[in-house]
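One structure is given here, and the rest of the page talks about it.
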Amino acid sequence: MKREEEGLQQLGAKTEYRMDYAPEVLETFENKHQENDYFVKFNCPEFTSLCPITGQPDFATIYISYIPDVKMVESKSLKLYLFSFRNHGDFHEDCVNIIMKDLIRLMEPRYIEVWGKFTPRGGISIDPYCNYGQPGTKYEKMAEQRLLWHDMNPEPIDNR
């Protein structure tokens with residue numbers, strides 16, 4: 001199936017990087033395995049945004065894990081979307097919550113979590129985590145459990 005038939009505009013096209021926050025660049029395609037529960041995980045080790053107070057750059061690795069339902073996010077559009085935060089001023093906690101909410105609106109996943117591991121500035125690092133499960137489903141319960149236990153066995157920190 002051609003990218004045009006899937007409704008994908010970014011994949012295979014000349015890459016144009018947006019210099020402002022651009023959720024409209026996100027694109028989806030149909031999940032061909034809707035009968036299965038499975039995770040899709042994206043790691044973005046070169047995420048940057050700006051401190052809304054000082055304008056200084058913040059650097060992070062962003063981890064996005066989700067269980068798709070009908071729609072899945074196309075990876076090139078996700079890369080362009082994450083790049084659009086480069087000149088966007090928001091606190092670390094805001095960035096991860098905005099990313100999660102934009103992806104929920106886009107895909108309506110069964111479950112999603114976003115974890116930002118920001119490099120230290122001023123001697124302290126901030127690692128915000130947020131998640132969501134479809135209300136009234138086992139994924140809502142899963143989100144509650146994963147939130148309570150998400151950092152009980154932390155993985156090695158390799159971005160600092």
Side-chain angles (χ1 to χ4, degrees), residues 9-10 17-29 31 37-160:
Q9 302 300 312
Q10 301 295 336
Y17 292 96
R18 295 286 303 268
M19 293 298 162
D20 56 336
Y21 168 67
E24 65 275 6
V25 302
L26 288 166
E27 295 181 344
T28 62
F29 62 94
N31 175 10
D37 278 340
Y38 62 98
F39 269 102
V40 176
K41 184 173 184 178
F42 292 101
N43 304 312
C44 178
E46 299 175 345
F47 180 84
T48 60
S49 61
L50 297 177
C51 172
I53 305 300
T54 66
Q56 292 183 339
D58 291 314
F59 302 92
T61 296
I62 300 290
Y63 299 97
I64 300 166
S65 296
Y66 74 99
I67 299 173
D69 196 1
V70 175
K71 297 184 219 169
M72 300 178 71
V73 66
E74 191 280 315
S75 61
K76 182 177 180 183
S77 76
L78 179 63
K79 176 183 77 168
L80 295 173
Y81 165 74
L82 292 172
F83 183 86
S84 80
F85 278 83
R86 175 61 186 97
N87 292 319
H88 180 73
D90 250 328
F91 293 113
H92 303 343
E93 300 85 353
D94 296 324
C95 288
V96 298
N97 277 281
I98 289 167
I99 291 166
M100 183 183 74
K101 289 176 181 178
D102 284 345
L103 291 172
I104 290 168
R105 274 190 294 278
L106 178 76
M107 299 184 294
E108 299 176 357
R110 295 174 188 170
Y111 173 82
I112 190 168
E113 60 190 31
V114 179
W115 196 344
K117 295 193 175 194
F118 286 80
T119 56
R121 195 151 47 86
I124 190 168
S125 64
I126 301 173
D127 294 346
Y129 170 90
C130 57
N131 73 356
Y132 162 87
Q134 284 182 351
T137 69
K138 66 182 180 181
Y139 309 103
E140 181 178 40
K141 293 179 179 83
M142 178 182 166
E144 180 181 317
Q145 288 300 309
R146 285 180 74 97
L147 182 64
L148 293 174
W149 293 94
H150 90 278
D151 206 17
M152 295 304 290
N153 299 300
E155 58 193 50
I157 297 173
D158 61 0
N159 70 338
R160 308 176 218 212

Query raised in the report: What do the steps show when you test M72 against V40 for side chain to side chain contact (heavy atoms under 4.5 Å, CB included), and what is the final call?
Result: CA-CA 9 Å; M72 300 178 71; V40 176; 3.7 Å; yes

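Here salt bridge (Lys or Arg N to Asp or Glu O under 4.0 Å) pairs that include residues 85-109, with residues two or more places apart or in two chains, are D102-R105. Among pairs with a residue in residues 47-70, those fulfilling salt bridge (Lys or Arg N to Asp or Glu O under 4.0 Å) read D58-R121, D69-R110, at least two apart in sequence or across chains.
For Y139, the side-chain hydrogen bond (donor to acceptor under 3.5 Å, both in side chains) partners at least two apart in sequence or on another chain are D37. Partners of E24 under the side-chain hydrogen bond (donor to acceptor under 3.5 Å, both in side chains) rule, at least two apart in sequence or in another chain, are R18. The ring-ring contact (aromatic ring centres under 6.0 Å, His included) check on H92 picks up F118, with sequence neighbours excluded. Applying the ring-ring contact (aromatic ring centres under 6.0 Å, His included) test to Y66 and every residue at least two apart in sequence or in another chain returns nothing.
The CG atom of L78 sits 12.5 Å away from the OG1 atom of T28 when rounded to the nearest 0.5 Å. To the nearest 0.5 angstrom, I67 atom CD1 is 4.0 Å from F39 atom CZ. Interatomic distance, F91 CZ to C51 SG, rounded to the nearest 0.5 Å: 6.0 Å. Atom CG of residue L103 and atom CG of residue L26 lie 6.0 Å apart, to the nearest 0.5 angstrom. For the atom pair E27 CD and S75 OG, the distance stands at 10.5 Å (nearest 0.5 Å).
In this structure, I98 and H88 have side chains that are in contact, with non-hydrogen atoms separated by less than 4.5 Å. A heavy-atom distance below 4.5 Å is not found between the side chains of K71 and L106. Under the 4.5 Å side-chain criterion, counting only non-hydrogen atoms from C-beta, V73 is not in contact with Y81. You'll find the side chain of P128 stays beyond 4.5 Å of the side chain of W115, heavy atoms only. Contact check for L80 versus V25: side-chain heavy atoms found under the 4.5 Å cut-off. Taking 4.5 Å as the limit, every side-chain heavy atom of P109 sits out of range of all side-chain heavy atoms of P68.
Applying side chain to side chain donor-acceptor pair (under 3.5 Å) to E113 and the options H150, K41, R146 leaves one that passes, R146. Partner Y132 forms a side-chain contact (heavy atoms from CB on, under 4.5 Å) with one of I112, L147, V114 and no other, that one being I112.
Shown here for Y111 and A143, the closest heavy-atom pair between the two residues is CE1-CA, 3.6 Å. A pairwise comparison of heavy atoms in S49 and C95 identifies OG-SG, 3.8 Å as the closest pair. Between I99 and I64, the shortest heavy-atom distance links the atoms CG2-CD1, 4.0 Å. Listed here is the closest heavy atom pair of P120 and G123: CB-C, 4.4 Å.
Under the 6.0 Å cut-off for aromatic ring centres, Y21 and F85 qualify, their centroids lying closer than that.
By the 6.0 Å contact criterion, CD on E46 is open, its count of non-hydrogen atoms from other residues, nucleotides or ligands being 12 or less. By the 6.0 Å contact criterion, CG on L148 is enclosed, its count of non-hydrogen atoms from other residues, nucleotides or ligands being greater than 12.
Using modelled atom types, one side-chain atom of E74 and one backbone atom of S77 make a donor-acceptor pair closer than 3.5 Å.
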